[in-house]
Amino acid sequence: GGGGGGGARRCSDAALLHALVKMVSSNICQIAYLNARLHGVQRIVFTGNFLRQNPVAREAISENMHRVSAAHPDAEPFRALFLQHEGYFGALGTFLHNVKERCTDGTLLVPRCPSERHSG
């Protein structure tokens, strides 16, 4: 085509989407890596529907995790783990987090959280 842009090439929608998915995946990986270092864990489990049927995102996260591990050769490498039923486990993790936040009696798994309206 003709028109403005000063010699800039137009990229296809697919190329733009590919770059955007890689950028988002890199940011997810960076946040996960920083949290893993903060909490002293090497295995990071990634869940959520963003990863469902998204090999580009999984590959980008794996590559980035490999890079950050290479930056610390003396430490145990970080591992990115992906679950087969990631949507289900993401929902389960959110549920357990909310149960943990709401139940202050020290137990994580309880049949029923005490209601704030009822005592006992």
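Because only heavy atoms are used, hydrogens play no part in the values below, and waters and symmetry mates are left out as well, while side chains stay in.
- Residue pairs meeting the side chain to side chain donor-acceptor pair (under 3.5 Å) criterion with at least one partner in residues 16-25, sequence neighbours excluded, are absent.
- Counting heavy atoms of neighbouring residues, nucleotides and ligands inside a 6.0 Å radius, atom CZ of Arg58 exceeds 12 of them.
- Note on Val24: it clusters hydrophobically with Leu34, by side-chain heavy-atom contacts below 4.5 Å among ILVMFWY residues.
- Cys11 and Ala15 get closest at one heavy-atom pair: CB-CB, 4.3 Å.
- The hydrophobic cluster containing Phe50 does not contain Met23, counting ILVMFWY residues as joined when their side-chain heavy atoms lie under 4.5 angstrom apart, directly or transitively.
- Counting heavy atoms from C-beta outward, Leu81 and Phe46 have side chains that stay 4.5 Å or more apart.
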In a table with atom names and distances, give each donor-acceptor pair under 3.5 Å that connects a side chain of residues 36-44 to protein atoms at least two apart or in another chain.
from  : atom 1 : to    : atom 2 : distance (Å)
Arg37 : NH1    : Tyr33 : OH     : 3.0
Arg37 : NH1    : His72 : NE2    : 3.2

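- Both Leu51 and Leu17 are part of a single hydrophobic cluster, where members link through side-chain heavy atoms under 4.5 Å apart.
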Walk me through whether Val45 and Phe82 qualify under side-chain contact (heavy atoms from CB on, under 4.5 Å). CA-CA 6 Å; Val45 178; Phe82 303 96; over 6 Å; no
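- In the hydrophobic clustering of this structure, Val21 does not group with Leu16; members are Ile, Leu, Val, Met, Phe, Trp, Tyr whose side-chain heavy atoms approach within less than 4.5 Å, directly or through other members.
- In plain terms, the two heavy atoms of Ser69 and Phe78 that are nearest each other are OG-N, 2.7 Å.
- Nearest heavy-atom pair, Ile61 versus Cys29, reported as atom, atom and distance to 0.1 Å: O-SG, 3.8 Å.
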